[in-house]
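This structure is a prediction, so every number in the text was calculated from the model and none was measured.
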Amino acid sequence: MGRIGVFVCWCGSNIAATVDVKAVAETLGREPGVVYAADYQYMCSEAGQNLLVQAIGQYKLTGVVICSCSPRMHEATFRKAAARAGLNPYLVEIANIREQCSWIHKDRQVATEKAIILGRAAIAKVQLNAPLTAGQSPVTKRALVIGGGIAGIQTALDIAEAGFPVDIVEKEPTIGGKMAQIDKTFPTLDCAACILTPKMVDAAQNENIDILAYAQVEKVEGFVGNFTVTIRHKARYVDPAKCTGCGLCTEKCPQKRVPNAFNLGLDNRRAIYIPFAQAVPKIATIDPAYCTKLNTGKCGVCAKVCTAGAIDYQQTDRLEQRQYGAIVAATGFQPISLEKFGEYAYQQSPDVVTSLEFERLMNAAGPTGGTLLRPSDGKHPHTLVFVQCVGSRCQGDGRGKTYCSKICCMYTAKHAMLCREKYPDTEVYVFYIDVRTPGKNFDEFYRRAVEEYGVHYIKGQVGKVVPQNGVLKVQASDLLENRQLHIDADMVILATAMEPDPTARALATQLTASMDTNDFFTEAHPKLRPVESPTAGVFLSGACQGPKDIPDTVAQAGAAAAKVIGLLVKDHLTCNPCVAKPDELMCNGCSACAQVCPYGAITYVDKDFRGPNRTTLRRRVAQVNPAVCQGCGACTVTCPSGAMDLLGFSNRQILAEVDAICK
C-alpha cells in the first residue's frame, strides 16, 4: 500500500460552485493508502504547486492525485511540480472533476458524489502506477512545408531566417498559390502581386530554402524529429537545370487551344507554358494531355527552338526520399464547385462567374488585360449583381457548407468598389444574408463601398438567374422592404465558399493528422495549440485549417514557423513513456495490433525462445517503436491474446478504476 496524497482544487468557482470540495477532500482522505488530503482554491497557481511540493516531502508521498480540471490543461504542470519534489512525474494522476463533473451537473449533492467517485478511481489507479522514464530521440534539423501559397512561403521564410534548411513542396509548376491570381487585397487595395512576388523571389534566393515545384508528397514515415518523406517529382519534360525561362518555346508551340488553368479557363494557353510572368521557378512545363509530340510522336517544335536544349521528351516521374524533423501542412483552399447550384445558371451562361474568375477579369495580367468585359461577347457590362454566401452557411440542404467562409463579405465589397471606381457608369448590386466585417478597419471598408461608392446593398437572397436574349434575368427578394426584385444584369458574380484543397484528405492520412467533417485539418487545441496538429511534429499553416484572409494566414504562418523552430533547435526530444509494450511470451504474431496502429509503430521480428527439453523455438512477435507510439491504446484492445499492454494505462490499472467506481 502506497502513501497517497490527494489535492482537491476549487478552480475559483468553476468547481467549488457545484462541488463541495471540502467534503470531497475529507472523504477521499479516508480512502486506504491516502495519508494526506487537502483542498485549495487554485492548485495550478504557484502557491498551489508549492503546497504539492511541500506535502510530497513532508509526508513522503509515493503517489499524488489532483482533483481538478482536464489533464489536457495542467497535467504537465503538476508533473513538473512533483518532479521538483523528487517524485517520479508519472506517479501523478488527475481526476477531472471540472469538465466531467461540475460543468455538467447543477445538483450540488450529485456533483459532490460524482467527484468523490472520480477521485476514488484515480486513487485506485495511482496505487498501481509504476515510475516511468522518458526516452530520447534525435532531431533532424530540416523542415518540410507542403504547399507553396502565401502560407507556405511565409512559413518557409521564417524558418529559413532562423537558420534551418526547409523544403517547399508545391504540386503546381510554380509557387504563389491563390494569392498570385488575385488583383487587389482588402482593406488597403494594394496590389497582391506587388506583395507576393518579392516574397516568392526571397524564397527562391534564400540559401536555406529548396523549392520543389511540380512535386507532391507520396509517402510519410517516421515520427516527430525523424520523418522520412517520399516525394514524387512530376515530369515537366523540361530539364530545370537547363531551362532559362526565356519563353520562346511557349510562343512557338502550335498547340494553342489548351484551357489556361491559371486564368481558370477564361482563355487558352499553349501545350508548353509558364503559368505567369513572375512564376518561381520560371521553368517551362509541357502539358502531356495536349502535347502533340508526347501523344503522336510528331511535332517537336519546342525542342527545335530551345537554344538551351532543355526539352526532354523522355523525362519520367522521379521519386526521392528526404529526412525531416518537422512537417508543416499549408495546402490552402479552393472555391467550392457550383455544379449543385443550378439556380444561378453558372453552367448555362459564361457571364455568371465566381469571385476568383472575376479577379482574373479585373487583373491587368488577366485574360482581358485588366479591362472588365463580358465573357460572352467581350462588351463592357453596365449592371453587375453580386450574390453572397454561395455555398456558405447552407443549413441542411446537403449542397454547400454550414460554416461561414469569412472572407466573402470583404472581397465582394472590394470588387464592388473597384468596379465603381474604374467604371462609374456601372450599377452594382450586392445581395447578402448578413454583412460580416470583423477585422481591423474592415467595417470602415464596407461602409465606404456603401456611402462613398454608392453600391446597392440589399438584404435578401437571389432565387434564380435566367439567361435570356443576352441578359441575365435576376429574381431576388428584398427582405427589409418586403418586396420581390427583378434585375436585368450584364454579369452575375458568385461569392463562392472556401473549402479545403482536394489533396488535403489524402495528405492527412499520410501524416496521420486529424480532420474535421469539412476536411479542414484539426488543431491540437483550438485555444492553446491552434497551429499544432494532434500528431506530434506536424503543424498547420493558413487556410488548410479553416477559412482565413491573407493577414490571418500570414500571422498563422509565422506562428507555425515559431513552433517548428522551437522543435528544430533541440538536439533530442523527450519521448512519451506511456507507450504500448508487448509480452513476447504471450504474443502469437497475428498482426492484429499492427493493422490498427494509426502511427505505424508496430513491426514484427522472428525471435528464438527456449522450448521444452531445451529445444529452440523460433516465433514471430510484435515490437513497438517507443519513439513512434503515441499511446492511443488501439493495439491493447485489439490484441486477441492479451499480449499488448499500455504503460501507465495497463489493463490492471483500468480495471482497478472500474472496480473503484462500481464499489
Side-chain angles (χ1 to χ4, degrees), residues 2-127 129 524-530 578 648 653 657 660-661:
R3 297 178 61 82
I4 311 299
V6 177
F7 302 83
V8 184
C9 181
W10 293 31
C11 197
S13 61
N14 278 296
I15 294 174
T18 312
V19 175
D20 187 342
V21 291
K22 292 188 179 297
V24 172
E26 290 173 3
T27 304
L28 295 180
R30 295 191 291 269
E31 288 292 306
V34 176
V35 297
Y36 178 78
D39 61 273
Y40 191 75
Q41 197 163 20
Y42 294 104
M43 277 302 301
C44 60
S45 67
E46 185 175 0
Q49 294 179 56
N50 289 337
L51 175 66
L52 172 63
V53 171
Q54 292 167 8
I56 290 173
Q58 183 178 351
Y59 294 93
K60 296 181 171 46
L61 302 181
T62 59
V64 169
V65 171
I66 312 289
C67 299
S68 61
C69 58
S70 165
R72 292 188 67 182
M73 293 290 292
H74 287 299
E75 184 177 57
T77 301
F78 295 125
R79 281 181 172 175
K80 289 177 182 178
R84 290 204 310 269
L87 183 68
N88 186 283
Y90 296 94
L91 298 176
V92 175
E93 206 61 43
I94 307 294
N96 184 355
I97 63 170
R98 190 178 74 174
E99 287 83 350
Q100 293 181 359
C101 187
S102 67
W103 279 3
I104 57 174
H105 291 291
K106 295 183 179 180
D107 188 300
R108 188 174 179 82
Q109 182 179 351
V110 172
T112 302
E113 290 176 357
K114 184 174 180 180
I116 292 170
I117 292 172
L118 292 173
R120 282 175 178 158
I123 292 169
K125 181 176 184 296
V126 80
Q127 288 179 337
N129 281 11
H525 192 286
K527 300 179 184 69
L528 304 180
R529 300 170 64 192
C578 298
Q653 288 171 310
E657 288 188 283
I661 291 172

Peer 1: If you measure from SG on C11 to CH2 on W103, what distance do you get to the nearest 0.5 Å?
Peer 2: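 So the SG of C11 and the CH2 of W103 are separated by 7.0 Å.
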
Peer 1: For a quick test of reading the model, state the closest non-hydrogen atom pair linking A37 to A25 and the distance between them.
Peer 2: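 Here A37 and A25 meet closest at CB-O, 3.3 Å.
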
Peer 1: Using side chain to side chain contact (heavy atoms under 4.5 Å, CB included), reason through T27 and T112 one step at a time and then give a plain yes or no.
Peer 2: CA-CA 10 Å; T27 304; T112 302; over 6 Å; no

Peer 1: Measuring from atom OH of Y40 to atom CD of Q49, what distance do you get when rounded to the nearest 0.5 angstrom?
Peer 2: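 Between Y40 OH and Q49 CD, I get 11.0 Å after rounding to 0.5 Å.
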
Peer 1: Report the distance from atom CD1 of I56 to atom CG of L51, rounding to the nearest 0.5 Å.
Peer 2: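 Reported to 0.5 Å precision, the distance equals 10.0 Å.
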
Peer 1: For a quick test of reading the model, state the closest non-hydrogen atom pair linking V19 to C101 and the distance between them.
Peer 2: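 It is CG2-SG, 4.1 Å.
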
Peer 1: Are the side chains of I123 and V6 in touch, meaning some heavy atoms are under 4.5 Å apart?
Peer 2: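 Side-chain contact under 4.5 Å: yes.
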
Peer 1: Starting at CG of N96, measure out to OG of S68 and round the result to the nearest 0.5 Å.
Peer 2: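 One finds 7.0 Å between CG of N96 and OG of S68.
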
Peer 1: Please report the closest heavy-atom contact between K125 and G648, naming both atoms and the distance.
Peer 2: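 Looking at all heavy atoms of both residues, the closest pair is NZ-O, 2.5 Å.
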
Peer 1: Hey, are the side chains of L61 and V35 touching, using non-hydrogen atoms and a 4.5 Å cut-off?
Peer 2: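 Yes - at least one pair of side-chain heavy atoms lies under 4.5 Å apart.
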
Peer 1: If I compare all heavy atoms of T18 with all of S102, which pair ends up nearest, and what's the gap?
Peer 2: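 In terms of heavy atoms, the two residues are closest at OG1-O, 3.5 Å.
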
Peer 1: Is the side chain of E31 donor-acceptor paired with the backbone N or O of G119 at a distance under 3.5 Å, no angle test?
Peer 2: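 Checking the backbone N and O of G119 against the side chain of E31, no donor-acceptor pair under 3.5 Å is found.
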
Peer 1: Looking only at non-hydrogen atoms, find the nearest pair between R108 and A16 and report the distance.
Peer 2: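 Shortest heavy-atom separation between R108 and A16 comes out as NH1-O, 3.0 Å.
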
Peer 1: Would a 4.5 Å heavy-atom cut-off, applied to side chains only, mark E93 and F78 as touching?
Peer 2: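 No - every pair of side-chain heavy atoms lies 4.5 Å or more apart.
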
Peer 1: In Å and rounded to the nearest 0.5 Å, what is the CG to NZ distance from D107 to K114?
Peer 2: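 Between atom CG of D107 and atom NZ of K114 there are 12.5 Å.
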
Peer 1: Is there a donor-acceptor contact under 3.5 Å from the side chain of R98 to the main chain of N14?
Peer 2: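 No; zero donor-acceptor contacts below 3.5 Å.
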
Peer 1: Are L528 and M73 packed together at the side-chain level, in the sense that at least one heavy-atom pair is separated by less than 4.5 angstrom?
Peer 2: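 With C-beta onward as the side chain, the pair touches.
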
Peer 1: Can you name the nearest heavy-atom pair linking C9 to Y42, along with the distance?
Peer 2: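 For C9 versus Y42, the nearest heavy atoms are SG-CA, 4.0 Å.
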
Peer 1: Applying the side chain to side chain contact (heavy atoms under 4.5 Å, CB included) criterion to L28, which one of V34, I116, V65 satisfies it?
Peer 2: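 Only one of V34, I116, V65 forms a side chain to side chain contact (heavy atoms under 4.5 Å, CB included) with L28, namely I116.
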
Peer 1: Is any side-chain heavy atom of V8 closer than 4.5 Å to one of I15?
Peer 2: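 No. Closest side-chain heavy atoms not under 4.5 Å.
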
Peer 1: Hey, what do you get for SG (C69) to CD (E99), rounding to the nearest 0.5 Å?
Peer 2: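 Reported value, rounded in 0.5 Å steps: 6.0 Å.
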
Peer 1: With heavy-atom distances below 4.5 Å as the criterion, would you say the side chains of D39 and W10 are in contact?
Peer 2: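 Side chain of D39 against side chain of W10, heavy atoms only: contact under 4.5 Å found.
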
